[in-house]
Amino acid sequence: MNDEPRPKNLVFELNGQPVQVADVGDTLLGVLRGELRVRSVKDGCSPQGQCGCCTVLVDGEPRVACVTPARRVAGRSVTTVEGLEPERAERWGTRFCETGGSQCGFCTPGIVMRLEALERKGVARNDIARNDDVARNDDVARNDTAPVDQALLAHLCRCTGWQTIKDAWAHDGTRSESRDLDAASRRGTLEGGAPQLVSPEVALGAGGFAADTAPDGALIAVPNGTGEWSLGTSLQAARAAAGKVQGRRTTAEHRWPIELPDDGGRPWAFTLQTTWVEPGYLETDAAWCEPGGEPASPLANGGAFGGKVDSIVGRAARMLADQHERPVLALFSREDVVRWGPKRPPVAAGIRADGTGTIVIADAPGVEAAIAAVAPDLTVELVDLDGPTCSSAIRAAGWAEALVLSQAVNGVNGWITAPNGSAAKASVSDGVITIGVRCGEVLDAVVLRSYCIGAAHMAYSWVTSEALTVDDQGEVHDLTIRSFGIVRAIDMPRVEVELVEDDQPAVNGSDAVFAAVAGAVWAHHGFAPRWPTGTDGMMSP
Ligand code: FES
């Protein structure tokens with residue numbers, strides 16, 4: 001006979017209906033995604049409480065579910081995207097889809113709930129500074145960014161660069177009849193480097209993520225730090241079995257792990273040292289598999305910018321499903337992504353005034369060829385570093401750095417050409433980043449613009465703010481998603497985009513934008529020899 005006391009029940013209202021669950025000490029996120037199978041509420045960093053993907057309304061107030069104990073909502077009312085009136089949900093989906101405020105869509109349901117709370121409080125949708133392209137026909141004032149910027153402080157988005165989310169807030173919810181969402185999805189797929197669906201439903205959480213589509217009853221497997229996986233019937237149980245404490249913060253300093261190359265004692269015209277950078281995608285690696293089946297892709301709707309190309313979760317899910325003869329969902333936590341996911345390789349480089357020079361870069365298969373494709377006058381030296389794995393699949397790895405150096409000697413305002421033939425230019429003036437991009441048939445201006453702004457955000461953030469702390473033994477110290485330095489909405493300069501249509505086949509354009517903006521921001525920061533340069537208000541005129 002089992003003498004264990006049976007857990008008490010917890011009763012609360014979910015989306016207008018009473019629900020009862022066992023009180024086993026889980027978080028609200030664990031209960032919503034686990035027992036109650038609510039899929040719009042995403043887990044981007046639990047239990048860190050830093051990304052906002054799991055934001056829900058508790059008695060009408062936005063709450064981050066991964067740091068809210070479930071028992072705290074006893075007797076209260078919880079609302080998720082699924083509980084919005086259908087017309088309101090559709091309107092939110094349309095607002096994000098029509099503005100490009102959602103790409104992979106992983107962060108969006110949490111942001112929708114945050115903005116829903118803002119709207120319910122009576123904050124008018126015109127209380128922001130909006131992008132002229134999207135809101136040019138609106139005659140409202142555009143001088144108060146405070147409410148939305150404040151609201152977005154609790155969130156992270158890796159794809160959109162924030163501006164299009166603010167556009168979504170400002171949008172009136174009218175769907176464009178003439179827009180071709182198939183063409184939009186084709187453009188999204190080119191830019192994201194993985195199949196991407198563009199639709200209002202994606203913004204409401206239906207991006208088809210593996211952690212959402214795993215079959216009922218699948219075991220959950222998490223890495224336990226010994227090279228093995230720990231399994232449980234819930235995420236809470238799997239993590240307990242792994243015995244892990246999530247979310248350590250660091251007090252260690254960044255370091256630049258590669259010495260500058262020597263040019264026979266002569267000074268270089270420009271030098272640059274970077275450190276490891278975490279891709280920082282919001283949807284952590286996840287894949288599920290039936291015994292004897294093919295694993296679901298960890299890239300359901302794009303969004304990782306090369307970060308999951310070689311993810312191990314699919315192979316793990318297949319192996320464990322065969323071993324346990326039942327479906328298994330293999331899932332990384334945020335900390336797992338930081339520890340074991342690939343990073344942008346650090347460089348140390350010097351370039352002469354004639355464009356020749358040397359770039360020393362952490363070894364990653366393919367990175368030497370990527371640099372040679374855009375900068376044949378640079379000598380490439382590969383080094384092995386103690387530290388996390390580096391990958392040339394990360395957005396423009398190596399070749400963006402080479403183009404940035406070339407821009408330093410050739411001038412930063414001209415067009416640069418990416419290995420795929422796309423071209424971009426960027427400039428920084430009066431606190432605004434201005435971009436031009438030419439990448440074949442535009443296909444869908446909303447999506448291409450969104451990707452360009454997202455690339456500008458990623459580049460600006462990389463040059464000024466982002467780095468991953470790795471100690472002398474190669475151990476990663478920054479394990480929380482806020483510790484990488486991703487620039488927040490409130491700190492992001494405005495971006496203006498010119499899309500140049502041409503009659504060539506459509507190719508990815510945002511990677512070229514990424515390189516061009518990095519060069520322009522670096523120039524604006526006086527070609528500081530180490531990244532991150534620090535923001536320090538340097539975008540001000
Ligand atoms: Fe925000 Fe992808 S749309 S993280």
Side-chain angles (χ1 to χ4, degrees), residues 254-279 305-306 342-412 414 416-420 424 426 455 458-459 462-464 466-468 470 474 511-523 525-533:
H254 298 318
R255 67 187 180 92
W256 289 265
I258 308 177
E259 294 283 321
L260 282 175
D262 179 42
D263 192 26
R266 293 179 294 275
W268 299 101
F270 296 93
T271 62
L272 174 63
Q273 283 176 288
T274 67
T275 186
W276 291 272
V277 179
E278 161 63 38
F305 303 101
K343 313 300 172 223
R344 186 174 200 89
V347 306
I351 193 164
R352 304 180 189 94
D354 65 0
T356 61
T358 299
I359 181 165
V360 190
I361 186 165
D363 196 2
V367 78
E368 192 172 8
I371 295 170
V374 297
D377 292 337
L378 286 180
T379 301
V380 182
E381 293 177 11
L382 303 174
V383 289
D384 288 320
L385 297 176
D386 288 332
T389 304
C390 294
S391 170
S392 61
I394 302 288
R395 178 175 239 165
W399 66 260
E401 287 85 338
L403 282 175
V404 158
L405 288 159
S406 302
Q407 288 177 82
V409 292
N410 295 326
V412 293
I416 58 157
T417 304
N420 70 353
M458 199 180 284
W462 174 37
V463 175
T464 62
E466 287 189 46
L468 190 66
V470 178
D511 289 356
V513 168
F514 174 77
V517 172
V521 173
W522 191 33
H525 284 225
F527 300 106
R530 283 180 167 173
W531 295 0
T533 60

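The NE2 atom of H254 sits 12.0 Å away from atom CZ of R530, with the distance rounded to the nearest 0.5 Å. Note that CD of Q407 and CD1 of I351 are 10.5 Å apart. Values are rounded to the nearest 0.5 Å. Atom CD1 of residue I394 and atom CH2 of residue W276 lie 14.5 Å apart, to the nearest 0.5 angstrom. If you take CD1 on I258 and CD on Q273, they are separated by 8.5 Å, rounding to the nearest 0.5 Å. Note that SG of C390 and CG of L385 are 6.5 Å apart. Values are rounded to the nearest 0.5 Å. Taking CH2 from W399 and CG from L378, the interatomic distance works out to 14.5 Å, rounded to the nearest 0.5 Å.
Across T274 and P345, no two heavy atoms sit closer than the pair OG1-O, 4.2 Å. Here the closest heavy-atom approach between residue E259 and residue A348 is recorded as O-CB, 3.4 Å. The nearest pair of heavy atoms linking D386 to R255 is O-NH2, 4.1 Å. Nearest heavy-atom pair across G357 and W268 is CA-CZ3, 3.7 Å. Across every non-hydrogen atom of A269 and R352, the tightest pair is CB-C, 3.8 Å. Taking both residues in full, the closest heavy atoms of L260 and A349 are given as CD2-O, 3.6 Å, listed atom of the first, atom of the second, then distance.
Contact annotation: the side chain of T379 never approaches that of I359 to less than 4.5 Å [non-hydrogen atoms, C-beta and beyond]. Residues V470 and T275 are not in side-chain contact: their nearest non-hydrogen atoms beyond the backbone lie 4.5 Å or more apart. Put simply, the side chain of V404 reaches to within 4.5 Å of the side chain of W531, judged on heavy atoms. Taking 4.5 Å as the limit, every side-chain heavy atom of L272 sits out of range of all side-chain heavy atoms of W256. The closest side-chain heavy-atom distance from F514 to W462 is below 4.5 Å. With a 4.5 Å cut-off on side-chain heavy atoms, D263 and T358 do not count as touching.
Considering V347, I371, V374, V367 as possible partners of E401, the one that fulfils the side-chain contact (heavy atoms from CB on, under 4.5 Å) test is V347.
For S392 (side chain) and P365 (main-chain N/O), a donor-acceptor pair under 3.5 Å exists by modelled atom type. Proximity of a side-chain donor or acceptor of R395 to a complementary backbone N or O of P279 within less than 3.5 Å is not detected.
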